[in-house]
Novice: 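One structure follows; several queries about it will come next.
Every chain is numbered from 1 and lettered A, B, ... according to where its sequence line falls, protein lines coming before strand lines.
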Amino acid sequence: MWVYVQLPSLQLDRMLALQPELAKRALVLYCEQQQQVIQCNGIAANMGIHPNSSLSDAWLLAEDLAPYRYREAQQRHLLQHLAADLYQVFAVISLDPPNGLWLDLKPMQKLYPDIRQSQEQLQLQLAPWQVRYHYGLGNTPLVAKMLAQSGVAAVGDIPIQYLPCDAKLQGQLVRMGLNTLGALQAIPRALAGQRLGKELVNLLARIQGEQHESLHYFQPPLWFYQRLTLLAETSGWQALRFPLKRLLQELEHYLEGRQQETRYLLLTFYHRDIEPTKLEIGLAHGGYLASELAAFCQLKMESLKLPAAVLEMSIQAKRLQPRSKEHGDLLHGGQKQRKSLPRLLNELQLRLGYSRVFGVQNRHDWLPERAWQRSAAGSAIQATHIPGRPLWLLPAPKPVQIQQWCLLRGPERYQPPWWQLTAGEAPYFAVPNAMEGSVASQNLQCVGHRDYWVARNQRGQPGWLFYDYQQECWWLQGWFS
Amino acid sequence: MAYAELHCLSHYSFLRAASAPGELVARAAELGYHSIAITDECSFAGLVKAWQAAKALPANGSGTEHFHLICGSEFRCEKFGTFVLLVENRQGYAELGKFISQCRRAAEKGSYAFHANDLLKNKLANCALLWKPPETALNAEVDSLGVEENNLFALANDLKKHFIDRSWLMYQRYLQANDRLHMRSFRQLSEKIAWPVVATGGVLMHHSQRLPLLHVLQSIHSHEPVADLGDKLAPNAEASLRDLDSLQQIFPATWLAETVRVSARCGFNLSELRYEYPAEVVPEGFTANGYLQKLGQQGLRWRYPNSIPEKIRTQLDRELELVAELGYAHFFLTIHDVVVFARQQGILHQGRGSAANSVLCYCLGITAVNPAQSDLLFERFISRERNEPPDIDVDFEHERREEVIQYIYKKYGRHRAALAATVITYRLRSALRDVGKALGFPEAQLQQLLHRLDRRDSEEDWRQQLQSMGVMNHPQGAHLLALTTELLGFPRHLSQHVGGFVIAAGELSDLVPVENAAMPERTVIQWDKDDIEALCLLKVDVLALGMLTAIRKSFALLPEFYQQQYTLASIPLDDPEVYRMLQKADSVGVFQIESRAQMNMLPRLKPKCFYDLVIQIAIVRPGPIQGDMVHPYLRRRAGLEPVSYPSPDVESVLQRTLGVPIFQEQVIKLAMVAAGFTGGEADALRRAMASWRSKGKLMGFEEKLIQGMLARGYSQEFAERLFAQICGFGEYGFPESHSASFANLAYVSAWLKRHCPAAFYVGLLNSQPMGFYTVSQLVQDARRHQVEILPISINTSNWDHQLQKSDGEPAIRLGFRLIKGLAKKDIEALLARRPTSGFADMVEFEHYALASSLSGSAQEQLASANAFAELSGNRYQTRWDTTKLGEQLPLLAGAETQVGDYALAAPSELADMQEDYSTTGLTLGRHPLAILNDHDVLPKHRKASELASLRAGQLVTVIGLVTNRQRPGTASGVTFMTLEDESGTINVVLWQDLARRQRRQWMKARLLQVKGILEMEGDVIHIVAGDMQDLSGQLPIAQLKSRDFH
């Protein structure tokens, strides 16, 4: 006997469980590529939005729509996570991504001779998840799945559209008045095969258990992962404490069920336009209590500044171990050894956090301060193609008295990025004063516009200067060798 | 110092440059340039606009006395750099036009094929050549050159021989790090190849302020956000038109002086272009005027066989005289030639637009509106004062217009005829999307903004709407608004005009370059209709109209089934029965007046004559509606309000429309008589109204109009009202002559509907897709007019719907074209073999189906459409019998003998209906509502047929299939819905607040319950909705469709 559990809105339901405030709005998860609704809550459904609705229709139907991106990977994680929970009770589980899974009740018969007991166990396991689900019971996996999906009680009543075959064949069956599995099964198999093809005959055989279903059986993962979309962009640690607490409670629930603890946590905070901020927490001794882990996290969080507002966050727990095991010290030993660069980097990153150890890389940009960017620590530096730049740039430009310099070559004119100006700095352009030694232009110039010159100071050292039109003064940017 | 800018791109070098040709010309003149060359990339597309801007420069402005526009074009080649060709004289213009055409024709639409050697192979003897070699070659030391550089020198030598004393190296300086090295390289190269150097700007913007927009364009072009482009962006604003002082500081004086020397060679002016009409339309022995005179007189006798009204004869003479005086005879003869071809081929056609004002056009068979029928003015068509070529648009049957196009190509050749271009410009949504992407807005956020933007919202403009959506909270919000505003109206690419042909006496490329269109075998010129108009080129508009196809198909049936024969011009005029039908809003399928808004107006306006129809068509337009002209007109027409005029001048303009301006011409004329606009100003106003960005442009006229009227003693209120009306017309104005041409087709189609309904519906059904209604709605309307509809039958139907006699009356036999998924050629192959008496049984059919290779899926579709009803059992069984998916199953071969021995139950009435909708989109069985009522699943409600007997103001509940949703551009935001039940249709009016509250119901419901107040005004009955319930769940048919217009 098989049970199929259908979870039509797993990702969305989990989102609501973690953020009950969202329940008041029409909430949809949509596929970014096709701009189509994948999952929606009851409020959205009442407004006429359903899975497969286009996102534009959803916007028209619900003015106060809360749309969030559907994440396939997260859906997979959630399904695995849920299966891992069920694994505590059900030994044979097979995943049917994205929205369902099978449980084989046969191995459970000794423990729960009555099927109702198994069902009760299932409900018990699913209750804390707070997700909508339907399940179906059948002699074969296919029948269980079709019953779960269609919601009918009898196998013969299963509508043809739930048959796992291509839409064209389904259409053909309906066009002959064969609207239910029962009507199809009533036709002698040989006749059905002759008219409707081998595919259908094979399918009927699978439905009736005459052909073996080859299912992949689930093995629980060795780590925990959960991702959460925040209700609003959040820029302070303080505001992140509450969602973090919920995630850690989920983790605690997970570890509790397995009698395990973790020695490694990775918190990832996702921003709008820049790389996510990652926070690693290595624990000398394992932990599993949410409150205890929260304290560790908080310690780390306070020492790190968030570079931008956070939109989403995730937590990953690895290095799971049974609770009773003795632990070694993660950071001890090896200090006296000579370290290779990668190893040194690893240790530095472990001690200081990933975001604080990085390499630099050239970036193709005209402005010197924008012409480099952070990159993964240890990566090789690529050559730049802009000629005539000094190798030695000052950490920040330094003001200079132009009277002490002799301009040699120039100007080289650069426009700072106007898109980084705020609305308050609009209009984009201002009229500069005419300036000696540079190309004075009657054209309107950009705010912050710079003219670079190669110049020599009184000691004969060649420097790279620029005149800033906005500040109306000269700056030293770097030195030529 | 004098400077001529010789290398300058306008925004017609799509996504490369950020200024309009006019802006470049005006700015160059303002900066005191000697001249400017517009050198778009392999294109003349911006030239006419630049020329117009140069003409508009003040003659005595400082420094503009000798300001000169040079025509040129840029060509880029990866290996050898950038070349600019400048036109020296008329011959050079033709040479360059031909060269551009050749490069463009050799590549796909939107691109061109160019290699530097092409410059050697083509005759460009009257063009100057500027060359900017690639940077890599320049930066190499001259003494250590590789193979590539040696090729470069070889090319330079060859070019020098080809362009003797006409070749220059062009040096450009953008204030970069390697400027000094670059300049030295240029000097060395110049010495080595003995080419002089000339300074050029390589201009991409008229002003440095356009830099952000240029960056955005570069970002759109490279599909990367601006912030990620780094050094791919222009580093500074030096690619703008710079002032003379700056130029003097960065270029050597000799190189600057050289610009003027080059410019002096380029004396050609676009005004020198002389369009010559095709000569072959005049037979030997005739002058063009003489031949036109002859055709006109012949046409007069043809159109008025019994007696020619004196007024018409005089009018024709007057028109011929004016045409001769203005030299347009060839134009009329060219169009005459095209319509004669159409007439010979039996292709129905009709001239529209201001041509409808002309007796000559009527006599030449170009138009079908009898000028005796209305009182239109020929001066609106051609006038001495305007001196513009007349505008003659001719509509042809949409299914056969291609024949006319091919005739033109065949007669004149592809080298002499091509379609005009349409410049596809950035509109709000495209601009917002592209600027948003460039600024790095996430796709989902842009989608959200675009979805929520309501273009029809008359209260808030798009900027306000975006602000209220919180866009300004985004760090790039202000940039998004500012740059979107700037990008609006920028050209994006060239497309083909709907049907405007330009035909030349000689090579078309002598006048304007020709390039490939997206459609195979189509070519377009690089100028749009405004350019063509500005240069007085001839344009013949060959347009497509579905209603002409429908009417021709209906006419073809009249002799056999109604023993009558008519043409567009011979349909009996002013038939009172036709008008009585229209007064009852019985106009489904009638051209132009079938929409809900038009139907709503018909019983109010009660058209009684042809001119009423002309008004009816023009009045249900956003212009008159937004200008609040409808109600005053109706009240005056009904005698409820006195007709008064503020002055005799205004009376002369508005008399025909009871003092209310309804047509576009009236508004223009009012500006002249009431506000003192000159002919030129009125013309500028007309152009501003025709422009899609008219609201912005029209604002420029506000003060002049209002002050002009106040000065002439009109009241402030009258002046403001008139301006509001002009703004309304701006977007959707309808000229009277246009309306008259459409009214003619409206009348003819209404006449057919009234007198030959079966032929009328067959014509419409065989011309689908077209019009306002689905096939199902048309068929139901036909049945309401007692036209019998016979089902699709394998033995009787053809591909098209046809008329058959049934009980002595013409009935419509539905054709196979209705069945979804059938290919015409497959069915025709079967029909060619069908026995005259039809197939005796399924076995015989299968035999023929096999012989004609009719696919299994086609047979299944025929079965599901019940086409075999007379041969076989129920359609389920027939479908089963015709399905053979398992044929190749060897394991099941033993079961072969059992084929067909399984009996399937017949479909229920509901299932039958489902199958009908699935296969054909309509049912001839009972209406879905009738079946649902039988099953007692619907709440209590009134039927459509009962409404007329109820009292106005009563609260009613109705239920029907939603067959139509229409949201006209009215100020109040009202939505019309049409519901259909088994007894007829119900008109529902929905106010904006309810539509907003019950979006799901009005947008998505297929079966709808409406509770509301019954309103009756004369024969007009509608329900003002108060509450709606979506009952679609009760409906088992997914294929029911509404026609939505919003």
Side-chain angles (χ1 to χ4, degrees), chain A residues 30 32 35 47-48 55-57 59-63 67 69 169 172 175-178 187-188 190-191 193-198 200-201 272-273 363-366 370 385-389 409 411-415 417-419 422-423 426 428-429 439-446 449 451-452, chain B residues 175-178 180 207-209 211-212 226-227 230-232 235-238 240 242-243 245-246 249-250 439-440 443-444 447-448 451-452 472 475-479 482 860 864 876 879-880 883-886 889 892 894-896 898-899 901-902 904-905 907 911 915 918 999-1000 1003-1004 1030:
Chain A
Y30 67 95
E32 193 161 35
Q35 295 284 306
M47 290 173 162
L55 191 59
S56 52
D57 273 3
W59 273 116
L60 283 171
L61 291 167
E63 239 170 39
R69 199 153 69 87
L169 181 59
Q172 274 172 324
R175 307 298 287 276
M176 293 171 183
L178 301 170
I187 302 172
L191 262 181
Q194 190 144 23
R195 286 293 178 204
L196 303 165
K198 196 174 166 182
L200 187 80
V201 172
R272 186 175 294 286
D273 296 319
R363 185 177 183 271
H364 292 293
D365 205 297
W366 298 110
R370 288 177 55 84
H385 72 276
I386 304 177
R389 297 243 161 136
R409 209 164 58 235
E412 199 180 329
R413 181 166 291 174
Y414 294 117
Q415 182 74 60
W418 49 266
W419 55 91
T422 61
Y428 305 125
F429 300 93
V439 176
S441 168
Q442 285 171 20
N443 281 354
L444 296 178
Q445 304 297 342
C446 224
H449 153 139
D451 276 354
Y452 278 88
Chain B
L175 301 187
Q176 291 295 281
N178 54 358
R180 175 177 291 197
H207 200 290
S208 57
Q209 276 184 324
L211 185 66
V226 170
D231 60 1
K232 285 186 232 160
N236 55 36
E238 296 303 302
S240 56
R242 293 172 281 197
D243 61 78
D245 286 347
S246 298
Q249 289 182 52
I250 60 175
L439 292 174
E443 181 71 31
Q447 289 286 351
Q448 174 189 342
H451 292 323
R452 294 174 66 188
M472 298 305 278
Q476 301 296 330
H479 296 308
E860 290 168 27
S864 283
Y876 282 167
R879 176 109 189 189
W880 170 264
T883 301
K884 296 182 193 70
L885 293 178
L889 270 183
L892 298 162
E896 186 72 39
Q898 297 174 342
V899 168
D901 62 357
Y902 189 76
L904 289 167
E915 279 298 283
S918 300
R999 278 167 192 250
R1000 173 186 176 161
M1003 281 174 56
K1004 293 287 167 191
D1030 182 1

Novice: With a 4.0 Å cut-off, would you call A:Arg175 and B:Glu860 a salt bridge?
Specialist: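 Result for this pair is no, no salt bridge flagged.
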
Novice: Roughly how far apart are B:Thr883 OG1 and A:Gln194 CD, rounded to 0.5 Å?
Specialist: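 Those atoms lie 12.0 Å apart.
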
Novice: Rounded at 0.5 Å granularity, tell me how far CZ in A:Arg413 sits from CG in B:Leu175.
Specialist: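 Rounded to the nearest 0.5 Å, the CZ-CG separation comes out at 5.0 Å.
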
Novice: Please list, chain by chain and in numerical order, all residues satisfying side chain to side chain donor-acceptor pair (under 3.5 Å) with A:Arg272, sequence neighbours excluded.
Specialist: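 In terms of side chain to side chain donor-acceptor pair (under 3.5 Å), with neighbours along the sequence ignored, A:Arg272 is linked to A:Glu233.
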
Novice: Please flag which part of B:Ala911 lies under 4.5 Å from any non-hydrogen atom of chain A: side chain, backbone, both or neither.
Specialist: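 When you check distances to chain A, no heavy atom of B:Ala911 falls under 4.5 Å.
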
Novice: Within the side chain of B:Arg879, is there an N or O that forms a donor-acceptor pair under 3.5 Å with the backbone of A:Met176?
Specialist: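 Looks like no, no N/O pair under 3.5 Å.
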
Novice: Grab the two heavy atoms, one from A:Leu191 and one from B:Tyr902, that are nearest each other, plus how far apart they are.
Specialist: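 Closest approach of A:Leu191 to B:Tyr902: CD1-CB, 3.7 Å.
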
Novice: What part of B:Pro907 gets within 4.5 angstrom of chain A, counting heavy atoms only: side chain, backbone, both, or neither?
Specialist: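 Neither part, no heavy atoms under 4.5 Å.
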
Novice: If only atom types and distance count, is the side chain of B:His479 paired as donor or acceptor with the main-chain N or O of A:Trp418 below 3.5 Å?
Specialist: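 Yes, because the side chain of B:His479 sits within donor-acceptor range (under 3.5 Å) of the backbone of A:Trp418.
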
Novice: Which answer fits A:Tyr452, side chain, backbone, both or neither, if we ask what part of it has an atom under 4.5 Å from a heavy atom of chain B?
Specialist: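 Contact with chain B is absent: no heavy atom of A:Tyr452 under 4.5 Å.
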
Novice: Top residue by heavy-atom pair count (under 4.5 Å) with chain B, among A:Glu32, A:Arg69, A:Gln35?
Specialist: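 Sorted descending by pairs with chain B, the first entry is A:Gln35.
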
Novice: Which atoms form the tightest heavy-atom contact between A:Trp419 and B:Ala227, and what is the distance?
Specialist: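 Looking at all heavy atoms of both residues, the shortest contact is NE1-CB, 3.5 Å.
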
Novice: Just so I know, are the side chains of B:Gln176 and A:Tyr414 near enough to count as touching, which here means a heavy-atom distance under 4.5 Å?
Specialist: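 Yes, close enough: below the 4.5 Å cut-off.
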
Novice: Report the distance from atom CD of B:Gln447 to atom CH2 of A:Trp59, rounding to the nearest 0.5 Å.
Specialist: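 It is 11.0 Å, given to the nearest 0.5 Å.
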
Novice: At a heavy-atom separation under 4.5 Å, does A:Leu178 approach chain B through its side chain, its backbone, both, or neither?
Specialist: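 Side chain of A:Leu178 only, per the 4.5 Å heavy-atom cut-off to chain B.
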
